[in-house]
There are 2 protein chains.
Amino acid sequence: MTNFNLVILGMEYTYTIIDQNATSSLQLQHYLEDYGDFQCVAQATDHEDGLNTILKHHPDIVFLNLDHGASLYFQMVKELHLYMTEFPILIGISSGKDHAYDAIKNDFFDYWLLPFNEFDMRKTLLRLKKQLPKEHAGTTLCLKSYKDFHYLDTDEILYLKADNNSTDFFMKDGSTISAFKTLKTFESQLPKNFIRVHQSYILNMNYVSRINYGKSLCTLKTGKMQLPFSKTYRENIDSLKKVLSKNSITTLN
Amino acid sequence: MTNFNLVILGMEYTYTIIDQNATSSLQLQHYLEDYGDFQCVAQATDHEDGLNTILKHHPDIVFLNLDHGASLYFQMVKELHLYMTEFPILIGISSGKDHAYDAIKNDFFDYWLLPFNEFDMRKTLLRLKKQLPKEHAGTTLCLKSYKDFHYLDTDEILYLKADNNSTDFFMKDGSTISAFKTLKTFESQLPKNFIRVHQSYILNMNYVSRINYGKSLCTLKTGKMQLPFSKTYRENIDSLKKVLSKNSITTLN
DNA sequence: GAAAAACCATAGAATTTCTATGGTTTATAT
DNA sequence: ATATAAACCATAGAAATTCTATGGTTTTTC
C-alpha cells in the first residue's frame with residue numbers, strides 16, 4: 001500500500017497535473033506549494049502525454065482538467081488500469097458539474113469546480129490525508145529480552161544515556177529503563193526526532209527547551225534537567241536548533 | 001480495517017438500504033441476494049431512521065436513494081462522521097445525474113442510475129471487492145525451526161500424513177517435508193479447503209478427484225494416489241462431497 | 001594529549017525451542 | 001465388540017538461540 005515515493009521523500013505526496021490550460025495548472029501548483037506536503041513530479045497537457053507521464057512517474061495523485069475532451073480522459077483512466085496495480089488518487093477539475101457522474105464512475109476521489117476554491121481544496125486534501133494516513137513513524141519502540149516484550153511510546157522518552165554496553169532510557173514519568181544494547185544501535189532505530197548530541201546522550205527534540213552554545217548544554221522542558229552536547233555532534237545540534245526555531249519567534253540582539 | 005461483521009460471517013458484506021420507495025428497495029435486495037456475498041442487515045425509509053440504523057448495525061455498505069430529499073441524506077452522511085471511525089461504503093441511487101457532484105463531495109463510492117442496470121451494478125460490486133480484498137485466507141503456511149523459516153504455498157500441498165509426533169507434507173511436485181508437530185495442530189492452522197478424513201490424514205480438497213464410499217477411499221488427481229477415510233470423519237467427507245458436487249454435473253443411476 | 005567512556009568481539013550463562021520417550025487415549029478394521 | 005495400531009500428551013534432556021560480562025581497542029571529551 002505504501003508508495004515508494006512517499007517512503008523516500010518522507011511524508012510528501014507526489015502529484016501530476018494534466019491540463020490544457022496553463023493558467024489553471026499554474027494556479028493549482030502554487031496553491032499546493034503553499035499548502036506543503038505536496039510535490040509536483042510532472043505535468044502534461046493532453047491525455048496521451050498524461051498517460052505516459054503517469055506511467056513514468058507513478059504519482060500519488062493525478063489532477064485532471066476535464067473541461068476539454070473529458071471522454072478521452074476517462075478513456076485514459078480506464079487504460080491506466082491495464083498497467084498499474086497501485087492506482088493513483090484521481091481528482092477531477094471542471095467549470096461545471098456535468099462530468100461528476102462519469103468521475104464517480106471512474107473511481108475519482110474528488111471533483112473540483114473552477115474557479116479554484118481554497119476552502120474546497122483544503123477539505124479534499126484533509127480528507128485525503130485522513131484516508132491515506134502516512135506511516136506516522138513507528139512511534140513505539142520494543143525492547144525485548146527472551147520472551148519479554150517491552151513497548152515504549154517514544155513520545156514518553158526524554159533522553160537516552162549510554163552506560164558502557166547498555167543504555168538507560170529516561171522517561172517522562174521519571175522512571176528509567178535499561179536495555180542491554182549500545183547507544184549506537186538506538187541511534188538508527190529511533191524516529192528522526194531523536195538526535196545524538198554527545199558520546200553518551202541521545203535526546204528527544206520534543207523536550208528540548210534551550211540550547212546553550214556557550215556552556216554546551218541542552219535544557220529539557222521537564223525538570224529543567226541539563227544535558228551536555230559536544231563538538232562531534234555539532235551538526236545535529238544545528239538541525240535541532242533549526243527545527244526548534246521553525247516554531248518560534250526568535251528574540252535577537 | 002477489517003470489519004467485525006466481515007470476520008464473523010466469513011466473506012460476506014453486510015448492507016443497509018435507505019429508500020422511501022419500497023419497490024426499488026426490494027429490487028435491489030433481490031439482485032444482491034442473487035449475486036451472493038451480500039447480507040442485508042437492516043432497512044430504513046428516511047434519513048433519521050437511516051442514521052439510527054447505520055449506527056446500530058455498522059453495515060459495510062449503505063445504499064441511499066437520493067431521489068427524495070437528497071440534501072437531508074447528505075446532511076445525514078456528514079453527521080455520521082461524528083460517530084463513526086470505520087465508515088461504511090456509500091452508494092447513491094437516483095433517477096438522474098443531478099446529485100453526482102454532491103455524492104462525490106461526500107465521499108460516495110459509486111452512483112447508480114435508475115432503473116437498475118445489472119451490468120453497472122456488477123461493475124460496482126467487482127470494483128468494491130477489488131478495493132476491499134477480503135482476507136484471502138493465509139494461503140501460505142510457515143514451518144519454522146529455530147531460525148529456519150520454511151514457507152509452503154498451501155495450494156502446493158496434496159495431503160498431510162501423521163507419523164507419530166511429526167507430520168509429513170506430501171507436495172504436488174513429489175517432495176515430502178517433515179514437521180515436528182502433531183497432525184491435530186495443522187487441522188486448525190490450515191485454510192478450510194483442508195479437511196481431516198482419517199486418524200492419519202488431512203487432505204487438500206482441491207486435489208480430490210474421487211470419493212469411494214464402498215472402499216472408504218479418496219483418489220487424488222495427481223498420480224491417482226488413494227488415501228483412506230474413516231467413520232469418525234464421515235461429516236467432513238460429506239462436506240467435501242458437497243463442495244465437489246457444486247462444480248460438477250453428477251451422473252446418477 | 002591524558003583520561004574517560006563508548007564500542008566491538010567473544011565466551012559462558014540464561015532461556016527458549018526442539019525432539020525423543022513412554023504412558024494414555026482414541027481410532028481403526030476385522 | 002474387541003484386539004490392534006496409531007495419534008496424542010506431558011515431560012525431560014538436547015540443541016539452538018539470546019543475553020550479559022569481560023577485556024582489549026577505538027573514539028570522544030575537556
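Not measured: the values here are computed from a predicted model. Lettering of chains follows the sequences in order, A, B, ..., and the numbering in each one begins at 1.
Taken residue by residue, residues 195-205 of chain A places heavy atoms nearer than 4.0 Å to DNA chain C at A/Arg196, A/Gln199, A/Ser200.
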Check: residues 212-219 of chain A side-chain donor-acceptor pairs under 3.5 Å, at least two apart:
| unit_1 | atom_1 | unit_2 | atom_2 | d |
| --- | --- | --- | --- | --- |
| A/Asn212 | OD1 | A/Gly214 | N | 2.9 |
| A/Asn212 | OD1 | A/Lys215 | N | 3.0 |
| A/Tyr213 | OH | A/Asp238 | OD1 | 3.1 |

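Closest approach to the B/Thr232 side chain among C/dC7, D/dC9, C/dA27 is made by C/dA27 (side chain taken as heavy atoms from C-beta onward).
Ring-centre distance between B/Tyr15 and B/Phe63: below the 6.0 Å cut-off. Under the 6.0 Å cut-off for aromatic ring centres, A/Tyr233 and A/His198 do not qualify, their centroids lying 6.0 Å or more apart.
Under the 3.5 Å distance criterion, with hydrogens and angles disregarded, no donor-acceptor pair is assigned to the side chains of B/Thr140 and B/Asp153. Side chains of B/Asn206 and B/Asp155: no donor on one and acceptor on the other come within 3.5 Å.
Cation-pi geometry between A/Arg127 and A/Phe109 is met: under 6.0 angstrom from the ring centre, within 45 degrees of the axis.
Phosphate contact (OP1/OP2 of C/dA5, side-chain N/O of A/Lys161, threshold under 4.0 Å): absent.
Regarding B/His150, its NE2 atom lies at a distance of 18 Å from the C1' atom of C/dC18, rounded to whole Å. Atom pair B/Phe229:CZ and C/dA27:P shows a separation of 17 Å (rounding to whole Å applied). In this structure, B/Asp163 places its CG atom 11 Å from P of D/dC8, rounding to the nearest Å. Atom-to-atom, OH of B/Tyr233 to P of C/dA27 comes out at 6 Å; the value is rounded to the nearest Å. Straight-line distance from the CD atom of B/Glu187 to the C1' atom of D/dA7: 11 Å, rounded to whole Å. Counting to the nearest Å, the C1' atom of C/dA27 and the CG atom of B/Asn236 are 15 Å from each other.
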**OP:** Classify every nucleotide of nucleotides 13-21 of chain D by which part a protein heavy atom approaches to under 4.0 Å, writing B for the base, S for the sugar-phosphate alone and - for neither, in 5'-to-3' order.
**Re:** --BSSBSBB
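Nearest heavy-atom pair across A/Met121 and A/Leu28 is CE-CD1, 3.5 Å.
Between B/Tyr13 and B/Phe38, the angle of the ring planes stays under 30°, which puts this pair in the parallel group of the 30/60° scheme.
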**OP:** List the steps and the verdict of side-chain contact (heavy atoms from CB on, under 4.5 Å) for B/Tyr159 and B/Asp168.
**Re:** CA-CA 9 Å; B/Tyr159 65 95; B/Asp168 294 329; over 6 Å; no
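Between A/Pro228 and A/Asn164, the residue whose closest nucleotide on DNA chain D is further toward the 5' end is A/Asn164.
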